[in-house]
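Worksheet for the structure shown next.
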There are 2 protein chains.
Amino acid sequence: MEYKVFLDEKDIPRQWYNIQADFSTPLPPPLNPGTGKPIGPEDLAPVFPMNLIEQEVSTQRWIDIPEEVLDKLLMWRPTPLYRAARLEKFLGTPAHIYFKHEGVSPAGSHKPNTSIPQAYYNKTFGIKRLTTETGAGQWGSALAFACNQFGLECKVYMVRISFNQKPYRKMLMQTWGATCIPSPSPETNAGRKFFEENPEHHGSLGIAISEAIEDAVTSKDTRYSLGSVLNHVLMHQTIIGLETKKQMARFGEYPDIVVGCVGGGSNFAGLAFPYLSDKMNGKEMRLIGCEPTSCPTMTQAPYVYDFGDTACTTPLLAMHSLGHGFVPAPIHAGGLRYHGLAPLVSKALVEGLIEAKAYGQLQTFAAGLTWARTEGFIPAPETNHAIACVIEEAQRAKEEGKEKVILMIWSGHGLIDLAAYDAYLSGKLQDTAFPVEEMQRLVAELEKFPRPAA
Amino acid sequence: MEYKVFLDEKDIPRQWYNIQADFSTPLPPPLNPGTGKPIGPEDLAPVFPMNLIEQEVSTQRWIDIPEEVLDKLLMWRPTPLYRAARLEKFLGTPAHIYFKHEGVSPAGSHKPNTSIPQAYYNKTFGIKRLTTETGAGQWGSALAFACNQFGLECKVYMVRISFNQKPYRKMLMQTWGATCIPSPSPETNAGRKFFEENPEHHGSLGIAISEAIEDAVTSKDTRYSLGSVLNHVLMHQTIIGLETKKQMARFGEYPDIVVGCVGGGSNFAGLAFPYLSDKMNGKEMRLIGCEPTSCPTMTQAPYVYDFGDTACTTPLLAMHSLGHGFVPAPIHAGGLRYHGLAPLVSKALVEGLIEAKAYGQLQTFAAGLTWARTEGFIPAPETNHAIACVIEEAQRAKEEGKEKVILMIWSGHGLIDLAAYDAYLSGKLQDTAFPVEEMQRLVAELEKFPRPAA
């Protein structure tokens, strides 16, 4: 049996796939929250460089990957595609399970697929410094790595409670030359008021975003960078699915089911959108996004216009949202604790092109442990959501006696998240009930805004 | 430019290379410390299974890798061979620098190359449980992974100070189902006396080895497993160099200089011995082992008969040794803090076939940081010793205007060692003087034993 397929460097995809070209109706535009009118590219110019804004709104199907970006992606890409034959055997399933191993990047996840092009486009536009926020730290370290590669300064506002609990992430950013400070900080207006009230304030992603954006728009030659949600971010991730298609062909297979975990939605989209393109052209398959039951954006939230951040500083985006004020339970899969869902993934969900499933924390760690003890590699807590779904589908295939082909994205490794496994093995983790009334209260507040066309 | 070359799974080497077949004189045999006479295989039988003891003493040049072992090695092998073109550019060197990336294994280092076959041979011999010791934790986690794959129980005695300082390593072992306890423990005679004196005793590798061996020889169906030093361990690692030769041929190059870090010597031997075979057949090249100045076994220690462990429970081995009682400074490269040197590497050094260089801790972290900020991947503190040498040789090539081909083994990643980088970046690390009189005192005690033929 062949367990994995590499691709030669010369076979790396040279264009990104832009799914905006293929939806039957256009994506509802971002709105100005004051006027309720669509915003123009110039409204985003203080925050993002114009070349990335152009990508954000482009409806061109294929966009060339610049040579300088390819040159950096080749540091770890093409990533291997694996057959999870040991897991299949353990489950006794007739299903064929494949996983695309995105944990081999220097930062350990799929995030550098977009941090590298974002750093490149900013540099090309004359920007010298990028700011961002990070919760668990995956995105902050990916941007630190990319900025280091292109000689840009990088400043990361890290939610203080994570900054204190996950010191290795901060160290990783610093090793790549970035500055990482706990948020709320005394260095911005947005942070100072919280910091002065309480210098040990735990912080939140909302405050950290506000700090990073304020820093970007008030500093010379500085822009802000976001690790998920936006159209250009998801497009940069499609290199994952485009590589996978070539590799699946080498295995002589085509997936019946494509699976990925979903926070903002970028790793799922990266694998799924190139397949969704086939589905829109008549190919039969299921595409399943997997989220935590404690932050069930896809399975519970309405399709609305809402702010992308907690602090209401962004335009309104058409998406599934639990309400921008929603604070998910402190699960270990920090990368999935986002109140909204990328507009492109939201649209695919509204149109019935993809499915969604939610999993409790205990089930996801049980799945991750099964993975570690069969396939060896330690998955990130986020990745465990996709694994829970794969195991469920493989067991169903066994019950039905069907040789289903299941393909998942293994979004990153869990070597810096081992404390979460320790908590699980010590019986310290629990599942929490989803506060549905809280969500209803928060989304009721969104009725003052227009509703996106479904 | 092509940055990396993979090998297809079908091209994985199917035999290990045993350098014992090619030395001009036989390796001096292990001795019984009481009688001064060579020990026989049966003397090792309580500690190791007979099939591994046979490998230990074999002088057959090629030994088949069992299919069951290959099947497990394919979980991550063949590993990629990279051209470090970004480092070359940064240094402005005409040298071509290549590195074999052993950090892609589930445990993050080269160690599973031997833990997998050791677990296999023990299982085949009817053993149900393995014990070992671990200092920094790399070996303990590699054995935990291998035992999990073959369904063996695994118990790791981890030096207490590391157990407390590096909790992620223990968590990694537990995630793979192993038991990891701090040493000295109350569970063995060897540990109990220290534990009862002081339950927070820091421990030492010597005490931990004694505990693991006592456990193995007194428990049912249990044997002991060692992660370096022994002949069969080094032979299992030669798959690294055998793969690399195929990959270097794909790049159309042959190395002028082969570099690796050296603690016991297994990763260096793994890359270097297949090349040393060519050198013994007349090929010109330099093979350089790199060690810490604080534990300079190759550059300062005499070639003697000494115990492999601090507690004097092993046979006497012919090797370079600082004295079994030598306690190296607490540098972050825990894997290089060993008083001795594998007998096979010692013999190669005595015969003038390889060179040795020693590097101070500050120089190695400066080198590691340069690596992280050019090639992206975070190297383990041990690996940084090889990088320091590569940078030195690349700079010499620049001065001399020569297009040298430098090949190194990148033995593992440093994602669980980021605290060491943090200490370096915060200016908290320092170089320590080597206590040469202490070594002289310790090796003088060895005069009561025979001297190995040089």
Side-chain angles (χ1 to χ4, degrees), chain A residues 1-10 71-72 74-78 80 82 85-86 101 103-108 112 141 145-146 148-149 167-177 250 368-369 371-378 413-426, chain B residues 1-10 71-72 74-78 80 82 85-86 101 103-108 112 141 145-146 148-149 167-177 250 368-369 371-378 413-426:
Chain A
M1 154 138 357
E2 197 174 29
Y3 292 116
K4 56 187 172 304
V5 160
F6 299 111
L7 277 185
D8 286 343
E9 294 193 342
K10 66 178 171 45
D71 182 72
K72 299 294 185 187
L74 287 171
M75 293 174 79
W76 73 96
R77 303 205 73 85
Y82 272 79
R86 294 158 218 282
H101 189 339
V104 300
S105 78
S141 45
F145 162 64
N148 172 242
Q149 282 293 321
Y168 277 34
R169 280 283 167 202
K170 169 199 67 175
M171 294 174 195
L172 188 50
M173 295 179 226
Q174 290 172 342
T175 300
W176 282 318
R250 291 261 301 273
L369 202 67
W371 187 279
R373 292 181 179 181
T374 52
E375 294 295 320
F377 297 103
I378 311 288
H413 67 66
L415 292 175
I416 301 187
D417 307 288
L418 282 165
Y421 284 89
D422 191 49
Y424 174 71
L425 288 167
S426 317
Chain B
M1 154 137 0
E2 197 174 28
Y3 292 116
K4 57 188 172 303
V5 160
F6 299 110
L7 278 185
D8 286 343
E9 294 193 342
K10 67 177 170 46
D71 182 74
K72 299 294 185 186
L74 286 171
M75 294 174 78
W76 73 97
R77 304 204 71 86
Y82 272 78
R86 295 159 217 281
H101 190 340
V104 299
S105 78
S141 44
F145 162 64
N148 172 242
Q149 282 294 321
Y168 277 34
R169 280 284 166 200
K170 169 199 64 174
M171 294 174 195
L172 187 51
M173 294 179 227
Q174 289 172 342
T175 301
W176 281 319
R250 292 261 301 273
L369 203 66
W371 187 278
R373 292 182 178 179
T374 51
E375 293 295 320
F377 297 103
I378 311 289
H413 67 66
L415 292 176
I416 301 187
D417 308 286
L418 282 164
Y421 284 88
D422 191 48
Y424 174 71
L425 289 167
S426 318

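Keep in mind it's a predicted model, so treat the numbers as computed, not measured. A note on names: the letters A, B, ... follow the listed sequences, proteins ahead of strands, and every chain is numbered from 1.
In terms of heavy atoms, B:Leu74 sits closest to A:Tyr3 at CB-CD1, 3.7 Å. B:Thr175 approaches A:Tyr421 most closely through the heavy-atom pair OG1-CB, 3.7 Å. The shortest non-hydrogen separation linking A:Arg373 to B:Gln149 is O-NE2, 4.3 Å. Taking every heavy atom of both residues into account, A:Leu415 and B:Tyr168 meet most closely at O-CD2, 3.4 Å. Closest approach of A:Trp76 to B:Tyr82, counting heavy atoms only: CA-OH, 3.8 Å.
Looking at A:Arg169, there are no atoms closer than 4.5 Å to chain B (heavy atoms on both sides), in backbone or side chain. Interface residue A:Phe145: only side-chain heavy atoms are found under 4.5 Å from chain B. Neither the backbone nor the side chain of A:His101 comes within contact range of chain B, judged by heavy atoms closer than 4.5 Å. Contact annotation for B:Ile378: only side-chain heavy atoms (C-beta onward) come within less than 4.5 Å of a heavy atom of chain A. Interface residue A:Asp71: backbone and side-chain heavy atoms are both found under 4.5 Å from chain B. With a threshold of 4.5 angstrom between heavy atoms, A:Glu9 approaches chain B through side-chain atoms but not through N, CA, C or O. Heavy atoms closer than 4.5 Å to chain B are found in both the backbone and the side chain of A:Lys72. Residue A:Leu172 touches chain B through both its backbone and its side chain, counting heavy-atom pairs closer than 4.5 Å. For A:Tyr424, no part lies under 4.5 angstrom from a heavy atom of chain B.
Of the listed residues (A:His413, A:Lys10, A:Lys4, A:Glu2), the greatest number of heavy-atom pairs within a distance under 4.5 Å of chain B belongs to A:Lys4. Between chain B and the options A:Ala85, A:Ala372, A:Pro167, the largest number of non-hydrogen pairs under 4.5 Å is found for A:Ala372.
Here the CG atom belonging to B:Asp422 is positioned 5.0 Å from the NZ atom belonging to A:Lys170, to the nearest 0.5 angstrom. The OG1 atom of B:Thr374 lies 7.5 Å from the CE atom of A:Met75; values are rounded to the nearest 0.5 Å.
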